[in-house]
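Just so it is clear: chains get the letters A, B, ... in the order the sequence lines come, proteins before strands, and each one is counted from 1. Note that this is a predicted model, so its numbers are computed, not measured. Basis for what follows: all heavy atoms, side chains included, without hydrogens, waters or symmetry-related copies.
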Amino acid sequence: MNLPEVTVEVPKNAEYGDFSTNAALLLAKSLRQPPFEIAEKIVAEIKKKPQKIFSEISAFKNGFINFKISFEFLQNNLKTILKEKQKYGRNKTGKGKKVLIEFVSANPTGPLHVGHGRWAVIGDDIASLFEACGYKVDREYYVNDRGNQIKLLEKSVKAAANGSPVPEGGYGGSYIKEIADDLKDHKQLLPYILSKQKETLAKLKVIFDSYFSEKTLHDEGLVEDAISRLSSEGHTIREGGALWFKSEAFGDDKNRVLVKENGELTYFAADIAYHINKFKRGYDIIIDIWGADHHGYVPRVKAALAAVGLPIDRFEVIIGQLVTLYRGKEQVKMSKRTGEMVTLDEIISEIGSDAVRFFMTSTSVNNHLDFDLELAKEKKQENPVYYVQYAHARICSILRKSKCKVQSAKLDTLTHEAERALMRKLLDFEDEILAACRKREPHQLINYVKDVAAIFHNFYHQCRVLDNPARLVLVEATRIVIENVLKLLKIEAPEQM
RNA sequence: GAGCCCGUAGCUCAGUUGGAUAGAGCAACAGAUUUCUAAUCUGUAGGUCGGAGGUUCGAUUCCUCUCGGGCUCGCCA
């Protein structure tokens with residue numbers, strides 16, 4: 001019988017058990033029987049085989065079949081957690097496959113701002129998720145260290161040093177003056193700005209494996225190589241003095257220029273070379289994280305990679321919606337040209353790395369993010385990050401005071417409703433990591449750890465833990481899971497608050 | 001005009017492959033600590049899931065249309 005739509009899911013309402021399946025509902029039509037009767041028959045079949053995972057399997061009157069996990073299974077999982085410790089939740093799904101994640105890649109023309117912060121945190125989180133799932137991950141930052149903007153930057157800094165007005169189209173931010181003051185040797189301009197950016201990223205604990213220079217692509221002739229590769233396959237055309245890539249043939253809206261009329265190479269041409277290079281380095285999965293302001297760029301890059309015959313199913317672009325900065329109700333305009341901007345550095349100083357990381361991770365990148373500086377400051381004590389950290393600190397305090405030996409405890413007394421809810425939640429951890437990785441959505445982990453903390457706090461108020469060995473095991477297992485989530489997201493798990 | 005993202009409680013947001021009574025935090029109100037950290041917990045109130053159709057046993061979820069907001073549509077980078 002062909003039943004592609006049978007699903008097993010976790011019901012929202014705990015009364016319906018830990019898992020449920022709609023199999024009987026789907027069979028009702030073809031069998032011409034009421035769903036409930038079918039469900040009852042299925043349940044009877046399942047119960048013929050002995051097993052220890054489920055303590056209850058029942059048919060509901062609407063046709064759902066509900067499964068309840070046994071206490072024994074949940075209790076045994078606590079032992080697993082204590083045994084695996086930092087490794088609990090990690091898995092080998094990736095089998096060592098290689099992943100490249102490119103993110104931030106801000107222009108080296110000034111300090112990072114709040115938007116870069118979002119990509120830095122999200123990219124780093126996704127990289128960590130892949131690592132937790134057994135992939136080998138490289139974090140990469142592409143540096144646009146060439147072209148007009150760099151010349152403009154140099155002119156702008158020189159002008160500032162001489163007290164001249166901002167050059168036409170140049171950069172006028174106050175940071176330009178600071179650079180001019182700081183830097184005697186203008187040849188060190190790019191390394192200087194890059195090192196400042198690295199310092200900011202390091203405050204957020206974001207460390208890149210490689211900084212890939214656009215300039216080297218040109219110096220090594222890789223851009224010309226890419227273009228001739230396209231041309232030799234007949235994918236280019238000369239028109240109006242420029243050389244075009246016929247991207248329309250690969251699903252793009254229109255063709256794109258590779259070599260301008262004046263002979264200069266476009267940024268796009270370099271980007272094709274860059275992405276060909278990524279494939280050449282042998283990655284199984286290649287991920288770019290771009291802001292929504294660049295989403296129109298996706299089809300042309302994919303078109304180019306398809307045109308040179310690369311397996312584009314290994315390449316994906318995650319588009320993140322933009323961040324708008326507010327001070328109260330007033331929007332803070334961000335412009336590098338006018339220099340009116342709040343830097344990521346300032347934001348980290350104001351609310352701390354933990355809060356920035358937690359806040360940046362907590363919402364889906366599909367959603368536009370309004371970041372209110374005043375709110376972030378006012379709510380410092382109420383920020384959800386403290387809620388989760390407090391749960392961890394509270395557990396540490398209990399463990400410090402307890403005199404029982406945790407390891408030797410018998411766990412069969414853990415049958416309280418609050419105990420069960422907590423054990424049940426801890427069991428989900430590996431699935432949560434897998435799902436968050438598969439969907440590239442680290443915010444799901446934030447939701448998960450908030451749930452763990454809430455269920456723990458509820459348990460704490462109902463059950464006295466000290467001097468109860470079984471509960472100490474439960475609490476230690478909870479602590480391990482919270483710590484593992486926070487460590488993965490590079491947020492501190494404090495022992496005291 | 002075309003493309004992408006979004007629209008869920010007063011505010012900020014979750015909501016898994018289509019499932020059972022749509023959730024949390026903040027704000028509001030009422031309570032809880034002789035006991036392990038009150039940065040906590042419990043309860044109350046708050047919803048036409050932007051709107052209208054469609055698909056089906058079942059739609060916040062999928063499809064079409066529509067309204068509203070953001071972003072993009074360079075021989076810029």
Side-chain angles (χ1 to χ4, degrees), chain A residues 5 7-13 15-16 20-22 25-26 28-29 35 60-64 66 107 109 144 146-150 152 169 214 239-244 253-254 256-268 270-271 291-299 319-322 324 359 362-370 372 375 379-391 393-402 431-432 435-436 438-439 441 443-444 446-447 450-451 453-454 456-468 471-472 475 496-497:
Chain A
E5 299 195 29
T7 59
V8 175
E9 65 209 50
V10 178
K12 289 177 196 167
N13 192 329
E15 283 176 39
Y16 300 127
S20 69
T21 176
N22 62 352
L25 272 74
L26 299 171
K29 211 169 202 176
F60 201 74
K61 60 191 170 191
N62 60 8
F64 278 98
N66 300 327
N107 287 333
T109 53
N144 306 125
R146 181 182 177 279
N148 258 331
Q149 54 173 357
I150 300 303
L152 279 170
E214 179 190 0
E239 202 176 290
L243 185 71
W244 300 69
D253 294 338
K254 49 186 277 193
R256 309 288 173 177
V257 171
L258 298 170
V259 184
K260 300 184 213 171
E261 202 177 348
N262 64 9
E264 283 177 17
L265 296 160
T266 59
Y267 176 89
F268 174 49
D271 222 17
D293 50 343
H294 290 99
H295 76 262
Y297 206 74
V298 177
I319 297 298
Q321 298 301 307
L322 302 177
T324 311
F359 194 70
S362 60
T363 61
S364 159
V365 290
N366 287 333
N367 257 320
H368 180 90
L369 181 63
D370 287 335
D372 184 344
L375 210 65
K379 288 193 172 178
K380 187 169 183 184
Q381 296 303 310
E382 299 164 10
N383 193 304
V385 67
Y386 298 104
Y387 179 82
V388 174
Q389 289 180 325
Y390 181 65
R394 202 176 217 185
I395 292 171
C396 289
S397 171
I398 294 169
L399 294 172
R400 274 195 301 272
K401 290 192 178 175
S402 102
D431 286 342
E432 293 285 345
R438 176 171 49 82
K439 294 161 71 182
E441 288 185 348
H443 77 271
Q444 293 200 348
I446 291 282
N447 290 332
K450 278 200 278 194
D451 279 353
F456 163 73
H457 284 310
N458 173 278
F459 155 80
Y460 174 88
H461 279 269
Q462 292 192 64
C463 304
R464 189 177 161 76
V465 178
L466 263 186
D467 308 322
N468 181 322
R471 284 178 177 163
L472 284 165
V475 148
Q496 288 181 49
M497 283 177 76

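- Listed nucleotides B/G74, B/A77, B/G15 differ in distance to A/Tyr297; the shortest reach to its side chain belongs to B/A77.
- As a whole-Å value, the separation of A/Glu432 CD from B/G15 C1' is 12 Å.
- Not counting sequence neighbours, the partners of A/Gln496 by the side-chain contact (heavy atoms from CB on, under 4.5 Å) test are A/Arg400.
- Distances shorter than 4.0 Å separate some side-chain N or O of A/Lys260 from OP1 or OP2 on B/C76.
- Residue A/Pro11 is the one, among A/Glu264 and A/Pro11, whose nearest nucleotide of RNA chain B lies closer to the 5' end (criterion: closest heavy atom).
- With sequence neighbours excluded, the residues satisfying ring pair (Phe, Tyr, Trp, His ring centres under 6.0 Å) with A/Tyr390 are A/His457.
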Counting Watson-Crick and G-U wobble pairs with both distances under 3.5 Å, what is the dot-bracket string for RNA chain B, 5' to 3', using [ ] for crossing pairs and | for pairs to another strand? (((((((..((((.....[...)))).(((((.......))))).....(((((..]....))))))))))))....
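- For A/Glu9, the salt bridge (charged side-chain N to carboxylate O under 4.0 Å, His left out) test picks out no residue, with sequence neighbours left out.
- Nearest-nucleotide positions on RNA chain B for A/Glu261 and A/Val465 put A/Val465 closer to the 5' end.
- Relative to the side chain of A/Tyr16, the nucleotides B/A20, B/G15, B/C75 differ in distance, and B/A20 lies closest.
- In this model, the phosphate group of B/A2 is not approached by any side-chain N or O of A/Lys254 to a distance below 4.0 Å at OP1 or OP2.
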In 5'-to-3' order, the base (B), backbone-only (S) or no-contact (-) status of each nucleotide in nucleotides 3-12 of chain B, using a 4.0 angstrom heavy-atom cut-off, is BBSS------
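- Evaluation of atom-type donor-acceptor distances gives a pair under 3.5 Å for the side chain of A/Ser20 against the base of B/A20.
- Listed candidates were B/A39, B/U17, B/A20. Nearest to the side chain of A/Thr7 is B/U17.
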Using atom names, set out every protein N or O paired with an N or O of nucleotides 40-42 of chain B below 3.5 Å, distance rounded to 0.1 Å.
residue, atom, partner, partner atom, Å
B/U40, O2', A/Arg394, NH1, 3.0
B/U40, O2', A/His461, NE2, 2.9
B/U40, O2, A/His461, NE2, 3.0
B/C41, OP1, A/Tyr387, OH, 2.4
B/C41, O4', A/His461, NE2, 3.1
B/U42, OP1, A/Asn458, ND2, 2.8

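- For the C1' atoms, the distance from B/G15 to B/C6 is 15 Å, rounded to whole Å.
- When each of B/C57, B/U37, B/G15 is scored by its nearest atom to the side-chain atoms of A/Leu25, the top-ranked nucleotide is B/C57.
- Residue A/Ile398 has its side chain nearest to B/C36 when only B/C36, B/C57, B/A14 are considered.
- Counting only heavy atoms from C-beta on, A/Lys12 has its side chain closest to B/U60 among B/G74, B/A77, B/U60.
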